Every structure is written in structure tokens, then in C-alpha cells.
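Indexing begins at 1, ligand by ligand and atom by atom, following the structure's order. Fair warning: this is a prediction, and the values are worked out from it, not measured in the lab. All residue numbers in this chain count up from 1 along the given sequence.
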Amino acid sequence: MIPPKPASRPDRVSLWRYMRLFRRDILSAQPARLYRAWMAEFRTPFFRSYLLNQPDLVAEVLKARPDDFPKSDRVGEGLRPLLGQSVFLTNGEVWKRQRRIIDPAFEGGRLRDTFPAMWAAGVQAVARLPQGRVEVEEQMSHAAADVIFRTLFSLPIENDVATRVFHEFRAYQRTQPILNAAAFLPLPRWMPRGHRAQTRTTARSIRALIRGLVADRMDQITAGTAPDDLATKIMTTADPQTGDRFTPAEMVDQVAIFFLAGHETSASALAWTLYLLATHPEWQDKVAVEAAALDAGGFGVVSKLRISRDVFREALRLYPPVPMMVRQNTCPEVFRKRAIRPGSQLVISPWHLHRHERLWDNPDGFDPARWQTENGKTCMREAYIPFSTGARVCTGAGFAMVEGPLLLSMLMRAVRVAPVAGQVPVPVAHLTVRARDGIWLDVVRRD
Ligand code: HEM
């Protein structure tokens, strides 16, 4: 059974039709040839954009010369009211300084320290999961938000502030659904886009809640009573070059992106993984059998969850939570013999690269065993970028690759999932790749 793939649009459509399709969903607004092309050019009356699908071009932009290809400032337009100057949106020296302070919090050794909090969130996720017909995206959002609150601020999601932030984020996503739209939409820069009043109000209330959390934490750090979690680590780390730390105001921007980037993405990935397991019961059984390793407890179990990791990896290939990324070139470039003017939008699409028909064996099929094959290994190196790659790689990549397989195994040890007849989820790209009407599964406890 081939997992759901959005219908592509016809090769040629009018600009108006394209814009309308686009507002609905950026995946189905693309033509099928992008699954075969090495590069595609989109001309609009106002700017050019290029989709890069050739591994060495992707590597050139993300790995070899990232400074020449900053993040397109169009990307952040919808997110700026919420994220301010967060590391997700900045470029140049500001961004470099932020990464110098943030990166140590996510180093390998620290992952071990966050493990007990992840485990506790997993136990709660299993306990919360109802039986019967369940919409699992919402369940996984709840679980992933819990992981973030516990690891960052040592707060379970039941905490009053955590619950409010979680609900406000959901409201934000409803008013501001399309992350990257501004980068592709053929609108000139001078056209006012504005942020809807409700988007701004929601952003303000989320930021006020976060400001309270950061202020309390600052007091605890000063008093020497702060818990040893990610927030404390980030707020007490000095920039090795300048010796200064984040001010509370700067920290608010970073916390906002950790919540957003850290729970929307993992939630999307976990929900799609559950759907893929529901439709591939043979793999579900393998994950459940392997999950017996969890009995040993402790961080050591992570390295034993190999099947779970291959399954999660395969889900990230088919449904990369961040489907597209956009950069801008600062110098003139020649790609595939085409001259690219400075200021063009360069789209790198994990969605298309991960299903490229000339690179992958069985590109649209679900096959976690592929990672042991020659083709799978080559593609993992050259055509697999769910967390991006290079200097701007996701700071949470290592964290997510512990969290995902761990929660998956904990869930599969406790329950069995089955698809609901007639309810095939349709992937659409909102802030992350989601199912248009949610992902519904039948859940039965194993005991
Ligand atoms: C399955 C889970 C996740 C996926 C697929 C994912 C994917 C990504 C991708 C593709 C980017 C690069 C975006 C771009 O360049 O336009 C990114 C950046 C980022 N992610 Fe993640 N992410 C995940 C989980 C997390 C977690 C758990 C955290 C934090 C706790 C996190 C924090 C960040 C941050 C701070 C950035 C910005 C990095 C920068 O621009 O320097 N992510 N993520």
C-alpha cells in the first residue's frame, strides 16, 4: 500500500490559479515534474524562484557556502510577531552569536540529562491516550508540547502556564497557517500583507506568558535555586567570543521558537509515523517486540531502539515536517548553466528531494528496511535532509531523534493502532506537514 501523497497540479496553470492553489496548500500547488527535475524555475512578474533538487546544489547552498545564502526574509513574515529576533529568523552575526549560546545546550552529553524528562512525558502520553477512535495529531501535539515544557522549564503540560501556552499556540497556527507562503507567493515586496489582528493578539499573549516564565527563571538563577534544565543551561551560557549572555528579552524570542519548532515538528512526525504503522502492521509488530528493551530503563535503551529509529526515519522521509526551506542568493550564481540573479528565492524542498524518482528506490513506498540497503545509505547521505544540513541544521535534531523513537516505542508497547476504513489522511503543508482533517486511528490497549 502506497502511503498518501497529495495530487499534483497540471504542469501549466495561470498565475491566479497558482496563487489560489497556493493559499490552500503548498504541496498540491506544485507540478508532478518536481519529483523528477534537478532544478525548476518559477517566473513571477516580481521575482524569480528556483527549486533545487540536485544533491550537489543543495549541498552548495546549505553546507559549502551558507553565508552566501542567508534565509530569505520573506519566510519569517508570518512568524515575526511571535518569534521576534529568534534564531530561526536571524542571519549573519546576530544568528552566529545566538547559535554559539544555544548549541551547547543540545550537545550529546546534555541529551542524556534531558532523558528522564522525555521518559516522564512518554509515560503520561501513554496514560492519556484514549481507546477507540482517536485523532492522533492532537494527542501527539499534546505529548510533544509536554516533552518541550519538561525539558526546557521542568514543567509538565498540566502546569497552568504550560497549558495556556499550548492552547494559544494552537490558536496562532489557525490564524497563521502557511509558514512559507510569502516566499513563493508572487507578490511584490511593497504590497502590504499585514498580520491579522487576531494573529497579533495571540502572539502578544503567548509572549507575555513566556516573559513570565523567563523572569521567574532569572530570579531562580540569581537565587541559586534553578533546576538544571535547558532553560537554565541556555540562560547561564556565555558567548565564548564576547562573554555576554542572553538578556531576558532575547531569551523570550528563543523560547518561543523552541516551543514552536520543537513541538509542532515532532508532533507531526509522530502522528504520521503512527498512521504508517497502522497501515503496515508487520512493522508495528516489530516495533512492539523491540520495545521490550524499554524494561531496562535509562538512557541506554535509546541505542537499542533500532527498528523504531528506522521507522521514524522513514516517516520523516515521506512526511518531512518542514516540507520546504527558502534561501536567497547574495551573489550572482550559475546553477545548471542558468544565471541566477542576486536576490532570487532558492527553494530547497525536503518533500521533493525525499521522494525524488531518480534518486530513491521505491520513492513513495514505506520501507524502513531501505536504510540498510546501498541505495538507502547513499540517499541518507545525499538526499535526506529532514533537519536541514550544514551550519543552520536544526539545533534539536539529536533531541528529536531520541524523542521520536522513544515515544513511538513506549506507545507501541502499550497499544495497537489500526486505520479507520475510509479515513485516509491527506497531507497538506501548514506550519508543518499535517493531515487535512487530522489522522484518525482505532486504538486498542495491548493488555
Ligand atoms: C522531528 C522533529 C524536527 C524536525 C523535522 C525539525 C526540522 C527543522 C528544520 C528543517 C530546520 C531548518 C529550517 C530552515 O533552515 O529553514 C529546523 C531548524 C530549527 N529547529 Fe528543528 N526540527 C525538529 C525538532 C526540533 C526540536 C525538538 C527543537 C528544539 C528543542 C528544534 C529547534 C530548531 C531551531 C531552534 C531551529 C533554527 C536553527 C537555525 O536556523 O539556526 N527543532 N528544524
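- The contact set between ligand 1 and Ser388, taken as ligand atoms under 4.0 Å from a residue heavy atom, comprises 10 (C), 12 (C).
- With a 4.0 Å cut-off on non-hydrogen atoms, Phe387 touches ligand 1 through its backbone as well as its side chain.
- At least one heavy atom of Arg327 sits closer than 4.0 Å to an atom of ligand 1.
- No donor-acceptor distance shorter than 3.5 angstrom exists from the side chain of Gln220 to the backbone of Pro227, with no hydrogens or angles considered.
- Results of the side chain to side chain donor-acceptor pair (under 3.5 Å) test with Glu314 over His280, Arg309, His354, Arg370 single out Arg370 as the only residue that passes.
- At a 4.0 Å heavy-atom cut-off, ligand 1 touches Pro321 through the side chain alone.
- Distances below 4.0 Å separate heavy atoms of Pro386 from the following atoms of ligand 1: 5 (C), 7 (C), 10 (C).
- For ligand 1, the atoms closer than 4.0 angstrom to any heavy atom of Ala400 are 1 (C), 2 (C).
- The residue from Trp95, Phe399, Phe106, Phe259 that puts a heavy atom closest to atom 29 (C) of ligand 1 is Phe106.
- Distances below 4.0 Å separate heavy atoms of Ile148 from the following atoms of ligand 1: 30 (C).
- Looking at ligand 1, you won't find any N or O of Ser266 less than 3.5 Å from one of its N or O atoms.
- A side-chain donor-acceptor contact under 3.5 Å links Asn375 to the backbone of Leu359.
- With a heavy-atom cut-off of 4.0 Å, Gln254 does not touch ligand 1 at all.
- Of the charged side-chain nitrogens involved, at least one lies within less than 4.0 Å of a carboxylate oxygen, so that Glu264 and Arg434 count as a salt-bridged pair.
- The closest approach between any non-hydrogen atom of Gly404 and ligand 1 is not below 4.0 Å.
- The main-chain N or O of Val433 is found under 3.5 Å from a side-chain atom of Ser268 such that the two form a donor-acceptor pair.
- Checked options Met410, Glu290, Lys286, Arg313; the residue passing with Ser308 is Glu290 (criterion: side-chain contact (heavy atoms from CB on, under 4.5 Å)).
- The closest approach between Met401 and ligand 1 stays at or above 4.0 Å for every heavy atom of the residue.
- Using a 4.0 Å cut-off between a side-chain N of Lys or Arg and a carboxylate O of Asp or Glu, Arg217 and Asp229 qualify as a salt bridge.
- Here Arg99 has side-chain heavy atoms under 4.0 Å from ligand 1, and that is the only part of it that gets that close.
- Counting heavy atoms closer than 4.0 Å to ligand 1, residue Val322 contributes side-chain atoms (C-beta onward) but none from N, CA, C or O.
- Listed by number with element, the atoms of ligand 1 under 4.0 angstrom from any heavy atom of Thr395 are 32 (C), 33 (C), 34 (C), 35 (C).
- Atoms of ligand 1 lying under 4.0 Å from any heavy atom of Gly262, numbered from 1 in the order shown and given with element: 25 (C), 26 (C), 27 (C), 28 (C).
- Within the structure, ligand 1 lacks Leu89 among the residues with a heavy atom less than 4.0 angstrom away.
- Ion pairing of Lys233 with Glu107 is absent here, as no side-chain N (NZ or NE/NH1/NH2) approaches a carboxylate O to less than 4.0 Å.
- In this structure, Asp228 pairs ionically with Arg110, as a charged nitrogen and a carboxylate oxygen lie closer than 4.0 Å.
- Judged by distance alone, the side chain of Ser266 and the main-chain N or O of His263 form no donor-acceptor pair under 3.5 Å.
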CA sep, side-chain torsions, deciding dist, call: Phe258, Phe153, ring pair (Phe, Tyr, Trp, His ring centres under 6.0 Å): CA-CA 11 Å; Phe258 291 143; Phe153 277 111; 9.6 Å; no
